[in-house]
Amino acid sequence: MIALLKRNEAVWLFVHSPAAIIAAVVAIAIILGAAFAPWVALVDPYDLSSFSLFDGLLPPVWEDGANPKYLLGTDDQGRDMISSILYGARLSLFIGLAAMTIATVLGVSLGLAAGYYGGRFDAIVMRIADVQLALPAILTALLIDGIARGLLPADIQQELRVWVLTLAIALSLWVNFARTARASTLVQMNKDYVQAAIMMGQRPIRIMFVHIFPNILGPLLVIMTVDLASAILLEATLSFLGIGLPADSPSLGTLIRIGMQFLLSGEWWILWIPTLFLVALVVSINVLGDFLRDVFNPRLR
Amino acid sequence: MAYFILKRLIQSVFVMLAVAFLAFSLFRFVGDPITQMTGVETSVADQERLREELGLNDPFITQFVRFTGDMLQGDFGFSYRTRQPVAEMIADRIPATLELGIVALLISLIVGVPAGVYTALRPRGVVSQTILMTTLIGVSVPTFVIGIMLIFLFGVQLGWLPTFGRGGTVQIGGWESSFFTVDGWRALILPAITLGVYQLTLTMRLVRAEMMEVMRSDYIRFATARGVPMRRLYFKHALANTMIPVITIIGLQFGGVIAFSIVTESVFQWPGMGLLFLESIRFVDIPVMGVYLVVIAFFFVLVNLIVDMLYVAIDPRLRVKDAA
């Protein structure tokens, strides 16, 4: 019942917030484009036979000398910019979502258990969280990536690149979830329904995930959106630094890295269009996160 | 006071030991040091002899104690990639990163604190709203994009400032400084702004929140009622009380500045520790990675120790509590 009321309220707030509507439209457009990239895109940027060097370095349609076939121009290899960006956004979003999911599952489980059991387990988890909070996420991710490079044999390095990156990002973002889940769990622990469930002798796992979890979902949703944006940014940064994805399977960050080579020449679109997409995606997800925070925290309204 | 500082010192030593342990585990367990040091032609017997000579067959604890002891004496081992002593490689890079970080922090404070105070005092003004909107964008735009935009605008389009390297440097007792040449400052401006922007938004938001909180408090309302002039009220009574959290974030931001200097240094090809760390990750140069961590942790611990002492110097309440 309460959930239902809240949902209607959220719809009302959403309709009356132009920033949230614009952000949602931008985010959904990019996400749909990325999800259906193989069907929407003109060429397959991974398939060398689908594009031609003769179409290289064409500007976007509004500039002189453009080919109307390529709306946003082409890069030096003759790849259609829109296709590269859609495939790039596909990888960026996949890694971002996967990293966020792993971070959520790991962080929420640890936070729930820490809040539920308390004592030594709680102390250990929270100390680890404190230490990691002192280290900026990008440093943690770089370090985990470096360790993976040392541990994995060279021949499977490239295949596992996406997963190593995902894991490195997930392990640098779990702390937020753990802290929030723990704090909310501590509040719920004093409520009668939890005490009743404990007295009825239900299993701790069941109490944590069936009873407490639905009641702490609100604040977690906010963190999930904000951390999705962080994960996408982190991946873009790592790929930009040349630590993330290689040039033959480019994410948005890799595309920007490649575009940097054209900074001094006239081909501005190769750099700036992927950059614009990345920023638009991250800003719109952040605006949606802000909106969700307002919905779940009426005091801020 | 002395007890407080001693307690913090002991904590710091434990933090450093933990980081040293991490660095040691990296060195010992990520890849085999012997295969890294020897070539393909080295015979197994020679490898075993080297292993024995280096003490890699000793118990774990013995090795860790030796590792820590060596570090305390300034022996940080050799790089797998360049075969140079790591201590020298890092020491060469420290001035570049520290100078960049300090200027970035200064920018974030010199711009961030007044902007925070202003937006707190005039929250509904047009200027305040503009500043707040700008910082919202500043948070969402990644550091490397800000760097590229600055390079494009001031380096490529206007041609005012250099876009890579440190420019002219001067050697002062082994410290390579770019503070003493015009060229050095010109090269420093863009990277320092890039690195400072994100910290600036944090500083501003924190000062703003804190200042608004203080302005609502009873003693400010009492001072207003008593007829204390507004200027004196804002800058003496209110600002003094927002300084504690500001000092705290300088300590915390330092970690962020160092971490994000990796990105900034990469964009501007700034020859600091961050660039070295990136190279060492790319080539799995474990000793350099480990020592980088230890050095960063050392600076971090040092800055936070100084911050803790500053608290006591600035806030008389802490001294009273300590004496009681």
Side-chain angles (χ1 to χ4, degrees), chain A residues 19 127 130-131 133-154 157 226 229-230 232-243 252-253 256-257 259-260 263-266 268 271-272 274-276 278-287 289-290, chain B residues 15 18-19 22 25-27 29-32 36 80 136-137 139-149 151-152 155-157 163 251-263 265-267 274-275 277-286 288-290 292-293 296-297 300-301 304:
Chain A
R127 271 307 80 71
D130 283 346
V131 171
L133 214 57
L135 280 178
I138 179 141
L139 200 58
T140 317
L142 278 172
L143 203 62
I144 294 170
D145 193 276
I147 294 173
R149 274 166 199 263
L151 285 179
L152 294 172
Q157 270 298 321
V226 175
S230 309
I232 292 174
L233 268 190
L234 209 52
E235 186 278 319
T237 307
L238 292 176
S239 292
F240 175 78
L241 293 176
I243 300 293
L252 287 177
I256 298 172
R257 176 185 174 78
M260 267 290 268
L263 185 65
L264 297 173
S265 55
W268 56 270
L271 170 62
W272 293 116
T275 310
L276 188 72
L278 176 69
V279 173
L281 181 62
V282 174
V283 170
S284 52
I285 294 175
N286 270 336
V287 170
D290 264 5
Chain B
V15 171
V19 176
L22 183 68
S25 316
L26 269 180
F27 170 72
F29 298 118
V30 179
D32 181 11
Q36 291 285 349
Y80 290 161
L136 193 70
I137 298 170
V139 173
S140 305
V141 177
T143 313
F144 67 90
V145 170
I146 293 176
I148 298 172
M149 282 172 17
I151 289 182
F152 184 69
V156 181
Q157 295 294 85
T163 54
L252 288 176
Q253 277 190 357
F254 186 79
V257 165
I258 293 292
F260 281 105
S261 83
I262 299 174
V263 181
E265 285 175 16
S266 171
V267 176
L275 212 54
F277 181 59
L278 266 185
E279 282 159 16
S280 70
I281 287 183
R282 216 168 282 146
F283 292 96
V284 200
D285 194 348
I286 301 290
V288 179
M289 279 167 68
Y292 175 84
L293 275 188
I296 294 299
F300 195 72
V301 164
N304 278 294

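Letters go in sequence order (proteins before strands), and every chain restarts at 1.
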> What residue, out of B:Asp285, B:Ile258, B:Val263, B:Val141, has the most heavy-atom pairs lying under 4.5 Å from chain A?
Replying inline: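 When all of B:Asp285, B:Ile258, B:Val263, B:Val141 are compared, B:Val263 has the most.
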> Among B:Val15, B:Leu293, B:Asn304, who wins on heavy-atom pairs under 4.5 Å with chain A?
Replying inline: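 Among the listed options, the one with the most contacts to chain A is B:Leu293.
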>> Donor-acceptor pair, distance only, cut-off 3.5 Å: does the side chain of B:Ser266 make one with the backbone of B:Ile262?
In response: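 The answer is no, because no donor-acceptor pair under 3.5 Å joins these two groups.
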> What class does the angle between the rings of B:Phe277 and B:Tyr292 fall in, given that below 30° is parallel, 30 to 60° is tilted and above 60° is perpendicular?
Replying inline: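 Parallel.
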>> For the CD atom of A:Glu235 and the OG1 atom of A:Thr237, what is their distance to the nearest 0.5 Å?
In response: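 It comes to 8.5 Å.
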> With respect to chain B, which residue among A:Leu139, A:Leu143, A:Thr275 yields the maximal number of heavy-atom pairs within a distance under 4.5 Å?
Replying inline: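 Of the candidates given, the most pairs with chain B belong to A:Leu143.
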> Of the listed residues (A:Ala137, A:Gly253, A:Ala236), which shares the most heavy-atom pairs with chain B below a 4.5 Å separation?
Replying inline: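 Option with the greatest count: A:Ala236.
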> For A:Ile256, is it the side chain, the backbone, both or neither that has a heavy atom under 4.5 Å from a heavy atom of chain B?
Replying inline: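 The side chain, not the backbone.
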> Where does A:Val279 contact chain B at under 4.5 Å (heavy atoms): side chain, backbone, both or neither?
Replying inline: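 The side chain, not the backbone.
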> Side chains of B:Phe283 and B:Val288: closer than 4.5 Å at any heavy-atom pair?
Replying inline: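 With C-beta onward as the side chain, the pair stays apart.
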> Under a 4.5 Å cut-off applied to non-hydrogen side-chain atoms, are A:Leu278 and B:Pro142 in contact?
Replying inline: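 Yes, side chains in contact.
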>> Checking A:Ile243 now: which residues fulfil side chain to side chain contact (heavy atoms under 4.5 Å, CB included) with it, not counting sequence neighbours?
In response: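 With sequence neighbours excluded, A:Ile243 shows a side chain to side chain contact (heavy atoms under 4.5 Å, CB included) to A:Leu142, A:Asp145, A:Arg149, A:Leu241, B:Leu278, B:Ile281, B:Arg282, given in chain and number order.
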>> If I measure from the heavy atoms of chain A, does B:Leu26 come under 4.5 Å with its side chain, its backbone, both, or neither?
In response: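 Just its side chain gets close to chain A.
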